[in-house]
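Here's the structure, in C-alpha cells; my notes come after.
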Amino acid sequence: MQKAIRIIAIVLVVGFFGYLVISASISSSKNAREPWNEHMTLGDRETAEHFYYDYTDIMCPYCDKFANALAAHDEEFKKDYIEDKKIFFELRLTDMLYVYHKDEGESAINSRNAAMNAYCAADQDQFWAYYNDILAKLYKDYHSKGIGVDQYSEKIPTLEMDYFKDVAKEIDGLDYDKFSSCVDNGEMADAIDKNTAKAMNITPSGVPYFVFDKYTTSGFLGKWDAEDYDWEQAKLLLDAGLAN
Amino acid sequence: MVKRKINLWQKIRKAPGNFADKAKFAVVGFRYLFGNPKYIACLMLASVMFLYILAQLQEGGSSWRLLWSGLALDRKIGVLGTTIALMGSCFTSLDGILLVFLALMQGVAVAGIVFALRHREKDHAINNASTGSIASILAFITLGCPTCGVTLLTPLLTMFAGAGAVAMAERLGIALTIIAFLLLIYTLVQLGYVIFVNVSAKQAKEKHAKSD
C-alpha cells in the first residue's frame, strides 16, 4: 500500500512539473494565419511580421481584464505594437462559456447573446466600437462592483437581449434596424458555432488563450481596479510574444 | 463469518477513536517541534514557497509561462515581484485565506518531514512526503479560473469528457480540494504522532539514564 502511494506520488509530481514545462515551452502548430473574421482584426496582414491571436469570450472575466487594458491604452497599443512592431492582431471571439456551461443554468446564455451581438456589429464593420462599449458597460454594471470577476464572486445574472442590443444604438455609423434584425434572426449563429468549435480544438485550457507568434499562454495576471497595472501585465504578454 | 463481520465492525468503530487519540498526541508532538526556532523557520520558508506556487496557479499560470518566455531577465524579475504582490492579495479574500491555510499546512508537513529525516525516521518521512505530495498536486491542479476553463485540471479532463470538461473541472475541483485537505490532515497527524513518540522515547531514555 505504502509502495503504491509512493509510486502515485512520484508519477503525479513528475507529471505535474513535466506538464508545466511542456505547456510553457511548446508552440501551437495549429495556428492558422487566415483571419476568422476580418472585422475583428487590427494591423496589415500583408506586411505583418508578427501574428497575434487572442481567443476570448465577452463573458470571461480574465479576457475582459486584458481587453480593458488594451482599450484604456488604445493609442499606445496601436502605435507601439500594431504599427511599430508590425503586428497583425486578431480577436477570435467565441461563445465558449455558453458551450461549457449551457447545461448548468440560464445565465450561460449571456455568452451566446453577447457573441451574437458582437458578430452582428462586425458584419457592419463596427466590431471594435461595439466590443469596447459592451465591455465598458459590463465593467460599470458588474465587474466594478465585484460581480462576475472570478469563480468565487457573485455570478452575473441572465441578461435580457436588449442589454446587449442597446449598446449598438449609441454607435455612429451602425444601421440599428439591420443590426437588430441580424441579432433576432440569429444570422451569425453558424459563424459563431464554427469559430467556437475551431477554438475549442486549439485551446484545451479555456479562455483567454493567446497565440502570440510562437508564444502561447492562457490566463491573465490583471486586477480590476488598477488600469496601469493591467496595462503593464498586457505589455508583458505582448512583449513575451515578440521575444520568443 | 458472523464473527469476522463483528471483528471488522469493532475495528471500524475503534478507528476514529484511535485517530482522535493519535491527533491529540500529534498536537503535543508539533508543540514540541515548534518550540525549536529552526523548525519555525522551516515552516515559514516552506509555507511561503507553497503560497507562491498557489498564487501563481490561481491566476491561470500565466506568470509561470512568462518566466519561461524569451523576456529579458529584469522583466522576469518583475514577474516574480508581481507574484509576490499576488501572495499579499491572498490575505484579503475568503478563497485567498483558504490558500494561506493550505500553504501553512504544507509548511507544517515539511517541518515534520525534516524532523523525521533528522531523527532517523526515514520510512515515516518518505511515506508522509508521498501523501503530502499527492495532496499538493491535487490542490495545485484545481486552481485557476474553472469557469473560463483555465485550470491545469481542465486539459486533463478534456481527454475524457470533451466540452463537458470545464463544468466537470468546476465540480471536481471542489471535491479534489477537500481530498487534498483530508490527505494533509492525515499526513500531519501521522507526522505529529511520529514526533511525539520520538520525543517521548528520548525523554524516557534521558530519565532512565538519570535514575541509573
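When reading the values below, keep in mind they use all heavy atoms of this one structure, side chains included, and skip hydrogens, waters and symmetry mates. In what follows, every chain begins at residue 1, and chains take the letters A, B, ... in the order their sequences are listed.
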- Message: If I take atom CD from residue Q233(A) and atom OG from residue S63(B), how far apart are they, to the nearest 0.5 angstrom?
- Response: 8.5 Å
- Has F181(B) got more than 12 heavy atoms of other residues, nucleotides or ligands less than 6.0 Å from its CZ? yes
- Nearest non-hydrogen partners of A240(A) and L66(B), listed with the distance: CB-CD2, 3.8 Å
- How close do R65(B) and T216(A) get, heavy atom to heavy atom, and via which atoms? CD-O, 3.6 Å
- Message: Under a 4.5 Å cutoff for heavy-atom pairs, which residue among G78(B), A72(B), G70(B) has the most contacts with chain A?
- Response: G70(B)
- Take atom CE in M44(B); do more than 12 heavy atoms of anything else shown fall under 6.0 Å from it? no
- E160(A) atom CD: more than 12 heavy-atom contacts under 6.0 Å: no
